[in-house]
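Let me begin by presenting the structure, written as structure tokens, before commenting on it.
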Amino acid sequence: PVVVKADKVGGAFMVEPVEGEPRPFKATLDIGLARTTTGARIFGALKGAVDGGLNVPPGINRFPGFKNNKLDAKAHRARIFGQHVAEYQKKLLAEEPDKYKDSFGAYIRAGVFPDNIQAMWETTHAAIRAEA
């Protein structure tokens with residue numbers, strides 16, 4: 001298993017081999033005919049793969065939060081921790097409560113609300129790192 005160490009979630013880093021350890025598994029992202037627009041979901045999956053220890057040479061210019069040739073780690077971190085989902089939850093809750101219940105029924109049953117969605121993802125990320 002490859003151990004990936006990062007100072008903070010949301011920063012850009014590459015998986016490097018560690019002396020005396022197996023080399024990171026190298027993979028290539030093949031998105032087929034999907035559009036490669038900056039911030040597309042596929043690049044969130046790519047970031048998760050890199051965070052999980054795969055050596056997937058990405059161009060960080062496609063990660064959410066990349067603007068003006070610079071990665072905004074704060075915006076990228078907010079996306080990783082689902083702040084865009086929390087904002088949408090709040091909007092639906094205020095404007096269309098019935099649609100909120102339909103769209104986020106599984107979240108509601110699991111006790112995940114706009115104010116604790118980040119905590120849920122922090123717990124999930126900690127569990128993933130503990131398994132690595």
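In this structure, Asn68 contributes its side chain and Lys70 its backbone to no donor-acceptor pair below 3.5 Å.
Between Leu93 atom CG and Phe113 atom CZ the span is 9.0 Å, to the nearest 0.5 Å.
In this structure, Glu87 has no side-chain hydrogen bond (donor to acceptor under 3.5 Å, both in side chains) partners at least two apart in sequence or on a different chain. Remark: Thr123 engages no residue in a side chain to side chain contact (heavy atoms under 4.5 Å, CB included) (not counting sequence neighbours). Residues meeting the side-chain hydrogen bond (donor to acceptor under 3.5 Å, both in side chains) test with Gln118, sequence neighbours left out: Gln83, Glu122. With sequence neighbours left out, the side chain to side chain contact (heavy atoms under 4.5 Å, CB included) criterion links Lys90 to Pro114, Asp115. With sequence neighbours excluded, the residues satisfying side chain to side chain contact (heavy atoms under 4.5 Å, CB included) with Ile31 are Leu29, Ala34, Thr36, Ile42.
Here the closest non-hydrogen pair linking Phe104 and Val85 is CE2-CG1, 3.8 Å. In plain terms, the two heavy atoms of Ala86 and Ile117 that are nearest each other are CB-CG2, 3.5 Å.
Put simply, the side chain of Phe81 does not reach to within 4.5 Å of the side chain of Met120, judged on heavy atoms.
Evaluation of the side chain to side chain donor-acceptor pair (under 3.5 Å) test over residues 96-114, restricted to residues two or more places apart or in two chains, returns none.
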